[in-house]
There are 2 protein chains.
Amino acid sequence: MRRKLEAAGIRPTPQRLAIAKLLFTGDKHVTADQVYDHVRSKKLNVSRATVYNTLNLFTERGLLREVYLDSTRAFFDTNLRPHFHLFYVDSGELVDVEDDELTGFFVGRLPQGVRFQDLDVVVRVYREEGSAK
Amino acid sequence: MRRKLEAAGIRPTPQRLAIAKLLFTGDKHVTADQVYDHVRSKKLNVSRATVYNTLNLFTERGLLREVYLDSTRAFFDTNLRPHFHLFYVDSGELVDVEDDELTGFFVGRLPQGVRFQDLDVVVRVYREEGSAK
DNA sequence: GTTCATGCAAAGGATTTGCAAGTTA
DNA sequence: TAACTTGCAAATCCTTTGCATGAAC
């Protein structure tokens, strides 16, 4: 973990390591508040300002991506591979669907002279009646 | 315009009509603030609260869709046809690209038992060097 | 010893709310 | 008249900032 931060040119302070440990264990979608609560529950002294600083720094350095799900809060996504999001409107769950054709679909539809940077897809869905979770 | 609101079960007050007139003339992407400034410039007495109330009401009744472009403000989109968004990161422009295959692409990729509700796509792009605007 | 990071509290910006007064059907 | 809308100001939520203290190289 320490290595990962150093590789990104980030000083591995205890706060950053704690946040990195939470984030970079499997794919995660988190809000700043969830991160704050988590590190607090570990009895770590971390301020909200530091949580925001850290999430923004990680994002800047390419370790995270921000996802805009709704206008009330920002989500950070640790999955950097091409994928889209399934947002279950009933349960609030957010699930990744990886797809190799995703980027190509849109790149193939860009006007002349326009370069692709990145892509956000949120598909709002719900479970059919009687469908098991 | 009056008809459109009534059809959606919305009382056509002067404030709502003014906002509707701005919105439903061609496809638009607007923020609450842009709406507020616009109606103000028309010398109409409209409060911010009413702008927000109205935009939320229109959205609820299916006359608008909210687009989440970044976490600093909400955009409202009057284009209800299947389309995705091209966001020019350099100029801040937001452009619609209509596409009949869009919905199908994602519906075909949903897991068993999951029903499609709707879809948001933002493709962040920029213009190539030397490419004319 | 600098430079960088942290924590706190205050500031900021967007949006919502409570409520009294005014409108609409 | 009864139900709904408006405007105002205050409140709320999330996020950022300023700055003094403390840690890292």
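By convention in this document, chain letters (A, B, ...) are assigned in the order of the sequence lines, proteins followed by strands, and residues within each chain are numbered from 1. All values below were derived from every heavy atom in this structure, side-chain atoms included, with hydrogens, water molecules and symmetry-related copies excluded.
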### Query
Separation of A/Tyr36 atom OH from D/dT16 atom C1', in whole Å?
16 Å
#### Entry: Residue list, salt bridge (charged side-chain N to carboxylate O under 4.0 Å, His left out) with B/Arg40, at least two apart or on another chain
none
### Summary
To the nearest angstrom, the CD-P distance between A/Glu6 and D/dA24 comes to 13 Å
### Query
Rounded to the nearest Å, what distance is computed from the CG atom of residue B/Leu17 to the P atom of nucleotide C/dT23?
16 Å
### Task
Quick one: label B/Asn56 by what it contacts on the DNA or RNA (base, sugar-phosphate, nothing), any heavy atom closer than 4.0 Å.
sugar-phosphate
### A/Arg16 CZ to D/dG22 P, straight-line distance once rounded to whole Å
19 Å
### Query
What pairs with A/Arg61 under side-chain hydrogen bond (donor to acceptor under 3.5 Å, both in side chains), at least two apart in sequence or on another chain?
none
### Message
Once you measure the plane-to-plane angle for B/His29 and B/His85, does it fall in the parallel (<30°), tilted (30-60°) or perpendicular (>60°) bin?
### Response
perpendicular
### Query
Transitively linked via ILVMFWY side-chain contacts under 4.5 Å: B/Val30 with B/Val39?
yes
### Task
Considering only Ile, Leu, Val, Met, Phe, Trp and Tyr, and joining two whenever side-chain heavy atoms are under 4.5 Å apart, list the other residues clustered with B/Tyr68.
A/Tyr68
### Query
Distance check: side-chain N/O of A/Gln15 vs OP1/OP2 of C/dG7, anything under 4.0 Å?
yes
### Query
Near DNA chain D, under 4.0 Å by heavy atom, which residues of residues 62-77 of chain A?
A/Thr72, A/Arg73, A/Ala74
### Message
What I want to find out is whether A/Asp118 reaches B/Arg124 closely enough, with some N-O distance under 4.0 Å, to be called a salt bridge.
### Response
yes
### Task
Write down the distance between CD (A/Glu60) and P (C/dC4), rounded to a whole number of angstrom.
14 Å
Less than 3.5 Å apart, which donor and acceptor atoms pair up between the side chains of residues 1-20 of chain B and the rest of the protein, not counting sequence neighbours?
unit_1	atom_1	unit_2	atom_2	d
B/Thr13	OG1	B/Arg16	N	3.2
B/Arg16	NH1	B/Arg11	O	3.1

### Message
Under 6.0 Å from the ring centre and within 45 degrees of the ring axis: does the NZ or CZ of B/Arg109 meet both conditions for the six-membered ring of B/Phe105?
### Response
yes
### Query
To the nearest angstrom, how far is B/Asp33 atom CG from C/dT15 atom P?
8 Å
#### Entry: Side chains of A/Arg81 and A/Asp27 in contact at under 4.5 Å (non-hydrogen atoms)
yes
### DNA chain D contacts made by residues 40-55 of chain B, counting heavy atoms under 4.0 Å
B/Asn45, B/Val46, B/Ser47, B/Ala49, B/Thr50
### Query
Quick one: A/Ile10 CD1 to D/dA24 P, roughly how many Å, whole number?
16 Å
### Task
Could you check B/Thr31 against B/Pro12 and say which one's nearest nucleotide on DNA chain C is further toward the 5' end?
B/Thr31
